[in-house]
Amino acid sequence: MTVTPMPEPLLVADRSRLQFFHEADAALARDVTPAEAWDMIMAQPMPLLRLAFRIRDTLSAPFGVTPTGGFSEARGVTPVEGEMLDFFLVERSQPGLLALTARDTHLDVMTCLTTGGCRIAITTSVIIHNLFGRIYMLPVGRAHGPIVRGMLQRVQAGARR
């Protein structure tokens with residue numbers, strides 16, 4: 001049996017320049033692609049996450065932050081580089097790796113899903129540009145770990161089906 005190695009995640013910038021970095025991984029019952037994992041996560045977005053993004057959109061609008069519009073449901077298609085996946089730009093889509101970015105005047109964010117060998121990792125890296133970005137990241141930084149753990153649990157459940 002051949003085990004597919006998991007590629008190194010992409011970061012929004014060199015690790016020494018990041019103001020936020022988080023990585024979490026999980027074992028899966030079967031190998032999945034990053035696009036499959038994204039669909040498993042988005043099939044039923046977490047209700048509190050939907051609320052958090054509505055609050056984020058409302059509070060951030062006066063500062064020129066583009067609204068997220070929330071998350072869509074699962075698509076079942078392969079993300080294409082240069083296209084949008086929800087409010088993220090697909091920076092890279094290749095076997096075992098899906099790199100998504102959101103960039104504005106306040107933050108540059110990259111979330112990278114890597115898969116291989118019945119494992120998944122979600123890596124998030126952030127560059128903060130100004131005071132609003134620092135304030136924004138205070139609650140987001142604290143909430144990020146539990147949110148990602150919930151996402152990984154959804155992928156684990158989906159991979160068992």
Side-chain angles (χ1 to χ4, degrees), residues 6-28 32-57 60 65-116 119-129 132-134 136-159:
M6 203 160 39
E8 286 294 315
L10 298 182
L11 303 177
V12 73
D14 184 79
R15 182 90 187 252
S16 65
R17 293 186 47 224
L18 300 177
Q19 283 86 33
F20 180 83
F21 176 84
H22 180 266
E23 187 170 46
D25 67 332
L28 302 174
V32 300
T33 68
E36 285 177 294
W38 184 261
D39 280 352
M40 289 173 191
I41 293 166
M42 293 300 119
Q44 295 178 328
M46 295 177 273
L48 289 178
L49 192 58
R50 284 182 189 258
L51 175 62
F53 273 93
R54 266 188 260 151
I55 292 169
R56 174 239 186 242
D57 288 349
S60 299
V65 175
T66 303
T68 62
F71 292 101
S72 61
E73 294 180 8
R75 290 176 185 74
V77 299
T78 302
V80 176
E81 292 178 13
E83 292 185 358
M84 299 301 288
L85 184 61
D86 296 315
F87 56 89
F88 290 107
L89 174 67
V90 178
E91 291 272 344
R92 183 87 47 89
S93 179
Q94 64 189 53
L97 187 142
L98 177 61
L100 307 170
T101 58
R103 300 173 195 261
D104 61 31
T105 58
H106 310 292
L107 302 168
D108 290 344
V109 177
M110 179 176 279
T111 296
C112 189
L113 284 76
T114 51
T115 62
R119 293 204 63 78
I120 180 169
I122 300 176
T123 306
T124 303
S125 55
V126 179
I127 294 286
I128 300 171
H129 298 299
F132 179 79
R134 282 191 290 282
Y136 176 87
M137 284 304 296
L138 289 172
V140 170
R142 287 192 172 99
H144 192 268
I147 289 168
V148 169
R149 281 191 296 280
M151 291 177 167
L152 290 171
Q153 289 171 351
R154 286 170 181 260
V155 177
Q156 286 176 312

Undergrad: Quick one: CZ on Arg103 to CE on Met110, what's the gap to the nearest 0.5 Å?
TA: 5.5 Å
Undergrad: Using modelled atom types only, decide if a donor and an acceptor are shared between the side chain of Glu91 and the backbone of Thr101 within a distance under 3.5 Å.
TA: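 Judged by distance alone, no pair lies under 3.5 Å.
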Undergrad: Among Leu113, Asp39, Leu28, Ile122, find the one that has a side-chain contact (heavy atoms from CB on, under 4.5 Å) with Val155.
TA: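 Running side-chain contact (heavy atoms from CB on, under 4.5 Å) over Leu113, Asp39, Leu28, Ile122 with Val155 returns exactly one hit, Leu28.
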Undergrad: So, taking the atom named CD1 in Ile41 and the one named CD1 in Ile120, what distance separates them when rounded to the nearest 0.5 Å?
TA: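 It comes to 5.5 Å.
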Undergrad: Please determine which of Thr124, Thr123, Ile127, Val126 meets the side-chain contact (heavy atoms from CB on, under 4.5 Å) test together with Leu11.
TA: Thr123
Undergrad: Quick check: do Ser93 and Val80 have side-chain heavy atoms less than 4.5 Å from each other?
TA: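 No, their side chains stay 4.5 Å or more apart.
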Undergrad: Which residues pass the side chain to side chain donor-acceptor pair (under 3.5 Å) test with Glu36, sequence neighbours left out?
TA: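 Here the qualifying residues are Thr33.
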Undergrad: Would you confirm whether Thr115, through its side chain, and Val32, through its main-chain N or O, come within 3.5 Å as a donor-acceptor pair?
TA: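 Checked: pair present.
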Undergrad: How long is the straight-line distance from NE2 of His144 back to CD1 of Ile147, given to the nearest 0.5 Å?
TA: 7.0 Å
Undergrad: List the atom of Gly96, the atom of Pro34, and the distance in Å for their closest heavy-atom pair.
TA: C-CG, 3.4 Å
Undergrad: Would you say that Val90 contacts Leu98 through its side chain, given a criterion of any heavy-atom pair below 4.5 Å between the two side chains?
TA: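 Yes - at least one pair of side-chain heavy atoms lies under 4.5 Å apart.
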Undergrad: So Thr105 and His129, do their side chains get closer than 4.5 Å, heavy atoms only?
TA: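 No, too far: nothing below the 4.5 Å cut-off.
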Undergrad: Any sub-3.5 Å donor-acceptor pair from Glu81's side-chain atoms to Arg92's backbone N or O?
TA: no
Undergrad: If we only count heavy atoms from C-beta on, is the Leu100 to Trp38 side-chain gap below 4.5 Å?
TA: yes
Undergrad: Which heavy atom in Phe87 sits nearest to a heavy atom in Ala102, and how many Å separate them?
TA: O-CB, 4.4 Å
Undergrad: Taking all atoms of both residues into account, what is the closest heavy-atom pair of Pro146 and Arg142, and its distance?
TA: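 For Pro146 and Arg142, the tightest heavy-atom pair comes out as CD-O, 3.6 Å.
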Undergrad: What distance separates Gln153 CD from Met40 CE, expressed to the nearest 0.5 Å?
TA: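 Taking CD in Gln153 and CE in Met40, the distance rounds to 14.5 Å.
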Undergrad: Distance check, rounded to the nearest 0.5 Å: Thr111 atom OG1 versus Leu10 atom CG?
TA: 11.5 Å
Undergrad: Between Ser125 and Val12, is there a donor-acceptor pair closer than 3.5 Å when you use the side chain of the first and the backbone of the second?
TA: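 Yes, Ser125 side chain to Val12 backbone: donor-acceptor pair under 3.5 Å.
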Undergrad: List the steps and the verdict of side-chain contact (heavy atoms from CB on, under 4.5 Å) for Val140 and Met137.
TA: CA-CA 5 Å; Val140 170; Met137 284 304 296; 4.1 Å; yes
Undergrad: Hey, is the main chain of Pro9 close enough, under 3.5 Å, to the side chain of Thr114 for a donor-acceptor pair?
TA: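 Not at all, since once roles are kept as given, no pair shorter than 3.5 Å links the two residues.
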Undergrad: Is the number of heavy atoms from other residues, nucleotides or ligands within 6.0 Å of CD (Glu23) greater than 12?
TA: yes
Undergrad: Looking at residues at least two apart in the chain, or sitting in another chain, which of them share a ring pair (Phe, Tyr, Trp, His ring centres under 6.0 Å) with His106?
TA: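 Here the qualifying residues are Phe132.
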Undergrad: With rounding to the nearest 0.5 Å, note down the distance linking CE in Met151 to CD in Gln156.
TA: 14.0 Å
